[in-house]
Number of protein chains: 2
Amino acid sequence: MRSYDQWCGVAKALDIVGDRWSLLIVRELSIRGPLRYTDLQRGVPGIATNLLADRIRELEQAGIVARAISEVPGAPQLIRLTERGEGLRPVLHALGRWGGSDLADAPRTDAFQAHWLTIPLEATLRDRKPDRGRAVLEVRAGEPPIQVEVGDGIRTRLGPAPSPDGVISGDPRTVLAVLFGRMGLEDAEKAGTTFRGDPKLLRRIRP
Amino acid sequence: MRSYDQWCGVAKALDIVGDRWSLLIVRELSIRGPLRYTDLQRGVPGIATNLLADRIRELEQAGIVARAISEVPGAPQLIRLTERGEGLRPVLHALGRWGGSDLADAPRTDAFQAHWLTIPLEATLRDRKPDRGRAVLEVRAGEPPIQVEVGDGIRTRLGPAPSPDGVISGDPRTVLAVLFGRMGLEDAEKAGTTFRGDPKLLRRIRP
DNA sequence: CAGCATCCGCTTTGATACTG
DNA sequence: CAGTATCAAAGCGGATGCTG
């Protein structure tokens, strides 16, 4: 990308990650950790393979991603975020929160992957009762399920929770609407979304 | 911009403001308030006039900017952010903070406008002694000077402060380095940067 | 002059085909 | 699996021209 040549942090950031697709590649690596090329491609549906190769190269030169050389011979080459790349999380959160308001009336034809939910969950949920200790909510809105760990802030992990304090399952729209307090459990259940566990957990984390 | 067609807040945000120049236009309006076309163009140096017109149109359709129809006939048409557009401030802050680390070794040929400093100032400074009441620091690193209001967080305004509690003047690099705690006052003064006022004010706001 | 629109060469993107 | 090659279409950048 051609530089804006402006002495301004916003412009400098966009010099590096302002290219089309770049931040979505960062999103994918930030959520899922190191990935092989083909998995990364599946995580950014719609990207052409030549563009993915281009972007990885550019991000690598800028020090945002690196190719993890595995010691194990024959192991697949993984692409991972550098520390500087991980530093983009606040940018992803801010964009995700702002863009999230468009999700409600987005076309049903949009691609969807369950792990993308971790960004609005981490960016929007709050722990309003930090004194109550740790609790885990499992969010099932596709594969994989997501663990939301409450206590000392909000953290998410991919994969099922060993012994969750609550489980919410349903389609992503309704699940997010419930978690963000835009829909009551009653209405959600009519839409096929179920919650098992203590409803206090929901009230604790709603923004 | 062609949509990414992904049910993800980050992708939706980039569908709207992911075009080249778009976020810099938002930056300009967010910092300076409503602007006429030509002033906006000067605030985004390097943009071609047809692209500025294109972007304004697109942002207008997306509900990010609006043209303020003045009641006064003959008054110039102003372009302003809508409320939704103002909501992009956290995005600008996150990008500015992340990209700010590239400013130290940016080429001297970069365009610079003093009001751009408000973003790193607001995004990075902290009020570490909220109990000490209100204080105002004036930052002079070009025109216009910037008021940094400390107390109940950090707020900035453009223009000189009526009776500041401190004034720091110098070139933008050194001034930022001092304010962000990367350089002591001693070294800064060798580089021609001066501070008048109580040094405690500096320590109060450094990140 | 402010506020664009038009034209044109160049670069980037998107889709697909192909390769070690 | 992990890319490269190719090519048409879209977008960008720069210059210039038009209109109130």
Side-chain angles (χ1 to χ4, degrees), chain A residues 1-6 11 14-26 28-29 32 34-62 65-70 72-80 109-111, chain B residues 1-6 11 14-25 28-29 32-62 65-70 72-80 109-111:
Chain A
M1 148 162 293
R2 176 202 281 222
S3 170
Y4 289 111
D5 295 326
Q6 296 182 8
L14 294 175
D15 279 350
I16 297 179
V17 294
D19 261 319
R20 191 160 164 78
W21 298 109
S22 293
L23 273 175
L24 297 186
I25 292 170
V26 172
E28 213 51 27
L29 295 169
R32 299 207 283 162
L35 292 174
R36 51 170 73 181
Y37 185 93
T38 347
D39 290 336
L40 183 51
Q41 192 170 15
R42 270 191 282 269
V44 188
I47 194 172
T49 173
N50 59 335
L51 285 186
L52 178 56
D54 280 0
R55 291 297 176 270
I56 292 173
R57 234 189 320 269
E58 291 161 10
L59 291 172
E60 195 180 4
Q61 295 214 346
V65 309
R67 289 164 203 270
I69 315 270
S70 171
V72 188
Q77 173 185 241
L78 295 181
I79 297 149
R80 65 172 179 85
T109 51
D110 276 358
Chain B
M1 148 163 294
R2 177 201 282 218
S3 171
Y4 289 110
D5 294 327
Q6 296 182 8
L14 294 175
D15 278 351
I16 297 179
V17 294
D19 261 320
R20 191 161 163 78
W21 298 108
S22 293
L23 273 175
L24 297 186
I25 292 170
E28 212 51 28
L29 295 169
R32 299 206 285 164
L35 292 174
R36 53 168 69 180
Y37 185 92
T38 347
D39 291 336
L40 183 50
Q41 192 172 13
R42 271 191 282 268
V44 188
I47 194 172
T49 172
N50 57 335
L51 286 186
L52 178 57
D54 280 359
R55 291 298 175 270
I56 293 173
R57 229 190 325 268
E58 290 161 10
L59 291 172
E60 195 179 6
Q61 296 214 343
V65 309
R67 290 165 204 270
I69 316 269
S70 171
V72 187
Q77 171 184 240
L78 294 182
I79 298 150
R80 64 173 179 86
T109 50
D110 276 359

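Here is how names work: the chains are called A, B, and so on, in the same order as the sequence lines, proteins then strands, and each is numbered from 1. Because the structure is a prediction, the values reported are computed rather than measured.
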Find the distance [X]:[atom1] to [N]:[atom2] and express it as a whole number of Å.
X: B:D54; N: C:dC4; atom1: CG; atom2: P; result: 11 Å
X: B:D5; N: C:dA15; atom1: CG; atom2: C1'; result: 15 Å
X: A:L52; N: D:dG3; atom1: CG; atom2: C1'; result: 9 Å
X: A:I25; N: D:dG3; atom1: CD1; atom2: P; result: 12 Å
X: A:L51; N: D:dG11; atom1: CG; atom2: P; result: 14 Å
X: A:R55; N: D:dT4; atom1: CZ; atom2: P; result: 14 Å
X: B:L78; N: C:dC4; atom1: CG; atom2: P; result: 12 Å
X: A:I47; N: C:dT13; atom1: CD1; atom2: P; result: 10 Å

Does the side chain of [Y] come within less than 4.5 Å of [X]'s, by heavy atoms?
X: A:R32; Y: A:L40; result: no
X: B:W21; Y: B:L52; result: no
X: A:R36; Y: A:L78; result: yes
X: B:I25; Y: B:I79; result: no

Could you check which of [options] has an atom nearest any side-chain atom of [X]?
X: B:R20; options: D:dT4, C:dG14, D:dC12; answer: D:dC12
X: B:Y37; options: C:dC4, D:dA2, D:dC12; answer: C:dC4
X: A:Q77; options: D:dT16, D:dG13, D:dA2; answer: D:dA2
X: A:R42; options: C:dT16, C:dA5, D:dC1; answer: D:dC1

Can you check whether [X] has a side-chain N or O nearer than 4.0 Å to OP1 or OP2 of [N]?
X: A:R57; N: D:dG3; result: no
X: B:R2; N: C:dA15; result: yes
X: A:T38; N: D:dA2; result: yes
X: A:R67; N: D:dG3; result: yes
X: A:Q41; N: D:dC1; result: no
X: B:W21; N: D:dC12; result: no

Give me, pair by pair, the N or O atoms of the protein and of nucleotides 18-20 of chain D that are less than 3.5 Å apart, along with how far apart they are.
none

Inset, instruction - Determine the contact category for B:A53: base if any of its heavy atoms lies under 4.0 Å from a base atom, sugar-phosphate if only primed atoms, P, OP1 or OP2 are that close, otherwise nothing. - result: sugar-phosphate
Inset, instruction - Report the residue (B:N50 or B:R36) whose heavy-atom-nearest nucleotide on DNA chain C is the more 5′ of the two. - result: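 It is B:R36 whose nearest nucleotide is closer to the 5' end.
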Legend entry - Electrostatic pair B:R55:B:E58 at N-O distance under 4.0 angstrom: yes
Legend entry - Donor-acceptor pair, side chain of B:R20 and main chain of B:L51, under 3.5 angstrom: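 A pair under 3.5 Å: no.
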Legend entry - B:Q6 and A:V44: CA distance, side-chain angles, deciding distance, side chain to side chain contact (heavy atoms under 4.5 Å, CB included) verdict: CA-CA 9 Å; B:Q6 296 182 8; A:V44 188; 4.2 Å; yes
Inset, instruction - Would you verify whether the NZ or CZ of B:R67 falls within 45 degrees of the ring axis of B:Y37 while also being under 6.0 Å from that six-membered ring's centre? - result: no
